[in-house]
Student: 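Quick one: structure below, then a few questions.
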There are 2 protein chains.
Amino acid sequence: MNPVNLKLLAQKLNLSIATVSRALQDSHEVSTQTKERVKALAAELNYQPNAYASSLRRNVSKTIGVVIPEVNNHFFSLAINGIEAVARQQGYHVLIYLTHEDHDREADITQYLTGGRVDGLLMSVAASASQDFSHLKKLYDSKPAIVFFDRVCEELPTASVTTNDYESGYLATQHLIEAGCRHIVHLMIAGNLSIGRMRMQGYHAALESHGIAFDETLVVNGSDDDDGNTHLITDLLRQRPEIDGMFASVERLAISSYQACQALGRAIPADVKIVGFSNLGVASLLNPALTTITQPAYEIGREAATILLRAIEKKHPILPSQSVVLNSTLFPRRSTARD
Amino acid sequence: MNPVNLKLLAQKLNLSIATVSRALQDSHEVSTQTKERVKALAAELNYQPNAYASSLRRNVSKTIGVVIPEVNNHFFSLAINGIEAVARQQGYHVLIYLTHEDHDREADITQYLTGGRVDGLLMSVAASASQDFSHLKKLYDSKPAIVFFDRVCEELPTASVTTNDYESGYLATQHLIEAGCRHIVHLMIAGNLSIGRMRMQGYHAALESHGIAFDETLVVNGSDDDDGNTHLITDLLRQRPEIDGMFASVERLAISSYQACQALGRAIPADVKIVGFSNLGVASLLNPALTTITQPAYEIGREAATILLRAIEKKHPILPSQSVVLNSTLFPRRSTARD
DNA sequence: CTGCCTGATGGAAACGTTTACGTAGATAAA
DNA sequence: TTTATCTACGTAAACGTTTCCATCAGGCAG
């Protein structure tokens, strides 16, 4: 309606647009009096600079993008909390995009983002069957700074913030073995990503070093469909009654495991013991309390955003050497109790 | 580095910038052949239009803002899912801002957003002691379309998407009474908002119609500090041993109630019965399973975004009459079982 | 008095689009 | 023939900032 812009302010003050602009930026080349006059009027008229004009001119958007598989997941929502906290503190805006673990959707989104809409990008790659990362390479070539967190695409030479996935996989599996399990299922997702492979390798190594043969039919690939996962696990448990332990490498699979056990009447931990990666705040209130490997999700978000914004502000490229690995924690609870 | 823009395309094709621009928009005033030439080159060079230039020129940003208290909460994360789904489908980008239930932070954010950065806004107001909504009024005056969801500011004449809060409060309380409770605590938040008042009135009415006296010392105001809330509830339960029911009007307070009971060794549902508003997917897996009033969070997000985008696209103002009320559902579970 | 600096301001270009308007040639209508 | 209409394209202004480059007054040194 009534656009309050630099032109209007300049007219009302009998100044040029240039001077008004400089005054609002506290430029030293405008007199103190003028600055005050300008700022007073700007405040009175509730002037807000047009972000798009500014971005266009300066070629900087003060916006970062966050591309993640989903938000209805405690790991990612906590990470967003961390990201938003540092973005906000440094005056950055946060655009959010959900891939729903869909490779094509992810490609669409990254395509959008090659347009300079964001100064940088925080990303956790979608888990899918595909090993095709060409969309990410294209994105990378188009220039914005990228930092991966948790789910990394290793083919891009940039920084990442991850957790000690190999050790976590090892520890979780060892924990089950020490609790007496001998037939341990590995429920995974993200077979195409390093994170999946690392956890898998930890699982494998733990079995080996405790003299348990690796059985590939005990490795199950879940999807982002909870009901489907529950069915998958239910069938498996029915067909393989010897199964006495389950290692869920993502939160949703731990939940589905509980539901499968409930449906089949298998007692946790008496019949089957379960450990899962999870940031569920109510893990200790579950029936029974769930043993978790918990990632420092909030810190991961903070750290990733910090690396990204530092690079943007200094206009330095992001190097793989800036990568950070944080440690997860195993919280033993009733679901893996030795009776 | 090498900016692929209209000018470059125009040069390479020996066309004017205008023609290239029109060709890319499938304008009828450019020949089919030319269109094809332009599109081919654009694809080859991976041309992406500069979003800021376009927004500046058209005065439309294809971006909506979402302002919510927190994201680490199933209600809001599901709502975001719904919002993102419709935004994405219509080619809109989603900016996210978290208030952490902090009035000042909310004011800061809304101040940012008066700058035309977004075409519209979806908002769930922060719960705080303050009844001061001047920041929202200022925002409203500055023009962007606003739709509230769940947490409404009634002083602004715009649309909202809410649930049947009065009935839900009534139902929850009645459910506890019918399960045998006589001393029912109401754990609330958002005393400054209509949503809080409505649920409260439902609680009040249910007590009255069942001949139970309203006791205002049984109404507790929580905050967004989980540990603090747990302490508050623990103290209350200790001081008032007659309490046999709790109605938590937000998810986090239900969780804190469980923790308080656990700490004090009160059995649920034998000693105390609990019902809470919640979108926790694992409610049925809790110990004991939690009776919930579940809001259709995803649909709320979808609905709110739909109203907003329709208004933006048609450039119609949003009217209060477009408001929608969806129904929540009571899921009785073990936590309110009669024995 | 001239020349030079300094401090405060204005003019205008630039960022990459979109779009109102103009135009040239071709075809059709009068 | 003239005039109108249409097609396909170009010119240039506009969006609101930022910023390079003047300009101009005044002070001061030579």
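Residue numbers begin at 1 in each chain, while the letters A, B, ... track the order of the sequences.
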Student: Starting from P on dG16(D), measure out to CD on Gln25(A) and report it in whole angstrom.
Tutor: 17 Å
Student: Which comes earlier along DNA chain D counting from the 5' end, the contact point of Asn5(A) or that of Arg22(A), where each point is its nearest nucleotide?
Tutor: Asn5(A)
Student: Please check if the side chain of Ser124(B) supplies one atom and the backbone of Phe149(B) the other of a donor-acceptor pair under 3.5 Å.
Tutor: yes
Student: According to a strict under-4.0 Å criterion, is Ser54(A) in side-chain N/O contact with OP1 or OP2 of dT17(D)?
Tutor: no
Student: Looking at Ser21(B), I'd like to know whether one of its side-chain N or O atoms comes within less than 4.0 Å of OP1 or OP2 on dT17(C).
Tutor: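 No, because none of the side-chain N or O atoms of Ser21(B) sits under 4.0 Å from OP1 or OP2 of dT17(C).
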Student: Does the side chain of Ser16(A) get closer than 4.0 angstrom to OP1 or OP2 of dG11(C) through an N or O atom?
Tutor: no
Student: Of all the nucleotides listed (dG10(C), dC15(C), dA12(D)), which has the minimum atom distance to the side chain of Leu56(A)?
Tutor: dC15(C)
Student: Tell me whether the OP1 or OP2 atom of dT9(C) has a side-chain N or O from Ser31(A) closer than 4.0 Å.
Tutor: yes
Student: So Leu326(A) and Ile300(A), do their side chains get closer than 4.5 Å, heavy atoms only?
Tutor: yes
Student: With a 4.5 Å cut-off on side-chain heavy atoms, are Lys12(A) and Val20(A) touching?
Tutor: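 Counting from C-beta outward, Val20(A) and Lys12(A) never come under 4.5 Å.
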Student: Assign Ile17(A) to base, sugar-phosphate, or nothing according to its heavy-atom contacts below 4.0 angstrom with the strands shown.
Tutor: base
Student: Compare the minimum distances between each of dT17(C), dC9(D), dC15(C) and the side chain of Leu6(B), then state the nucleotide with the smallest one.
Tutor: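 Looking only at side-chain atoms, Leu6(B) lies closest to dT17(C).
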Student: To the nearest Å, how far apart are Leu15(A) CG and dT9(C) C1'?
Tutor: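 So the CG-C1' distance, Leu15(A) to dT9(C), works out to 8 Å.
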Student: Of all the heavy-atom pairs spanning Ala42(B) and Leu24(B), show the shortest one and how long it is.
Tutor: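 Nearest heavy atoms, Ala42(B) then Leu24(B): CB-CD2, 4.0 Å.
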Student: Is there a side-chain polar atom (N or O) of Thr34(B) under 4.0 Å from OP1 or OP2 of dC9(D)?
Tutor: yes
Student: Once you round it to whole Å, what is the distance between C1' of dG16(C) and NZ of Lys7(B)?
Tutor: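 Computing the Lys7(B):NZ to dG16(C):C1' distance gives 9 Å.
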Student: For the backbone of Pro69(A) and the side chain of Glu101(A), can you confirm whether one donor and one acceptor N or O come within less than 3.5 Å of each other?
Tutor: no
Student: Counting side-chain heavy atoms from C-beta on, which of dG16(D), dG11(C), dG16(C) comes nearest to Asn50(B)?
Tutor: dG16(C)
Student: Tell me: NE2 of His28(A) to P of dT9(C), nearest whole Å?
Tutor: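 In whole Å, dT9(C) P and His28(A) NE2 are 13 Å from each other.
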Student: Whole Å only: how far is the NZ atom of Lys35(A) from the P atom of dG7(C)?
Tutor: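 For the pair Lys35(A) NZ and dG7(C) P, the rounded distance is 13 Å.
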Student: To the nearest angstrom, how far is Glu36(A) atom CD from dA8(C) atom P?
Tutor: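 The answer, rounded to whole Å, is 13 Å.
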Student: Rounded off to whole Å, could you give me the CD-to-P distance for the Gln48(B) and dC15(C) pair?
Tutor: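 Rounded to whole Å, this separation is 20 Å.
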Student: Reckon Tyr47(A) has a side-chain N or O less than 4.0 Å from the OP1 or OP2 of dG16(D)?
Tutor: no
Student: Using atom CG of Leu9(B) as one end and atom P of dG10(D) as the other, report the distance to the nearest whole Å.
Tutor: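 Going from Leu9(B) (CG) to dG10(D) (P), I get 13 Å.
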